[in-house]
Amino acid sequence: MQNIHYQQIWQTVQLIPQGQVACYGQIADLAGLPGRARLVGKALGKVPKKGWRGQSVPWFRVINSQGKISFPSGSEYFAKQKQHLQDEQVVVLGSKIKLKDFQWQPDLAEILFSLEF
DNA sequence: ACCTTGACGGTTC
DNA sequence: GGAACCGCCAAGG
């Protein structure tokens, strides 16, 4: 396929460690697409369910810059995302997550690694 | 080539 | 806090 941007995004999302979260804008920046948070949302909506390059894409570790799950509360996907996060010990109160405690803070080495492709 | 759609973000009030 | 508004721009129709 030719949608290079989606692939860069999926790949970056795969770097988020288990038990941590990242926001859409943060992923966009790390993927080399500054200012394109919305594209990240679109890309996540299209992750291959079977995974990509042999690994699953942990879409549920991506939330918005306000620390909230971006699906309408009550929707099927909202529940699914919340469940996945709680399963890996991320505390979700209502729809909110404390970024201060759970946001992924990639170190320099990780950033450089992600830029090599 | 034009128009709409996004799992968004920052600014402002 | 939260809501309204505007900027963003690749993809798909």
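In what follows, every heavy atom counts, from backbone to side chain, and hydrogens, waters and symmetry copies are set aside.
- Atom P of nucleotide C:dC9 and atom OH of A:Y6 are separated by 15 Å, given to the nearest angstrom.
- When DNA chain B is scanned in the 5' to 3' direction for atoms under 4.0 Å from non-hydrogen atoms of chain A, the outermost contacting nucleotides are B:dT5 to B:dG10.
- Residue-to-nucleotide proximity on DNA chain C shows that, of A:K46 and A:G35, the 5′-proximal contact is made by A:G35.
- For A:I27 and C:dC9, the CD1 to C1' distance is 18 Å, given to the nearest whole Å.
- Of the N and O atoms on the side chains of A:Q103 and A:Q26, at least one donor lies less than 3.5 Å from an acceptor on the other residue.
- For the pair A:S75 (side chain) and A:F71 (backbone), a donor-acceptor distance under 3.5 Å is absent.
- A side chain to side chain contact (heavy atoms under 4.5 Å, CB included) with A:I16 is found for exactly one of A:I27, A:V21, A:L30, A:V57, namely A:I27.
- Annotation for A:E88 and A:R61: closest pair OE2-NE, 2.7 Å, computed over non-hydrogen atoms.
- Looking at heavy-atom distances under 4.0 Å, A:Y77 makes no contact with the nucleic acid at all.
- Side-chain contact, A:Q7 with A:N3: no donor N or O sits under 3.5 Å from an acceptor N or O.
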Q) Taking protein heavy atoms under 4.0 Å as touching, what does nucleotides 1-6 of chain C look like 5' to 3' if B marks base contact, S marks sugar-phosphate-only contact and - marks none? A) SS----
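- A:K82 places no side-chain N or O within 3.5 Å of a backbone atom of A:Y77 that could act as its donor or acceptor partner.
- A:W10 and A:W52 have perpendicular rings, their planes meeting at more than 60° on a 0 to 90° scale where under 30° would count as parallel.
- Atoms CZ (A:R36) and C1' (C:dA10) sit 8 Å apart, rounded to a whole Å.
- Although no hydrogens or angles enter the test, the distance criterion places a donor-acceptor pair under 3.5 Å between the side chain of A:Q81 and the main chain of A:V62.
- Heavy-atom nearest nucleotides on DNA chain B were determined for A:L39 and for A:G25, and the one closer to the 5' end corresponds to A:L39.
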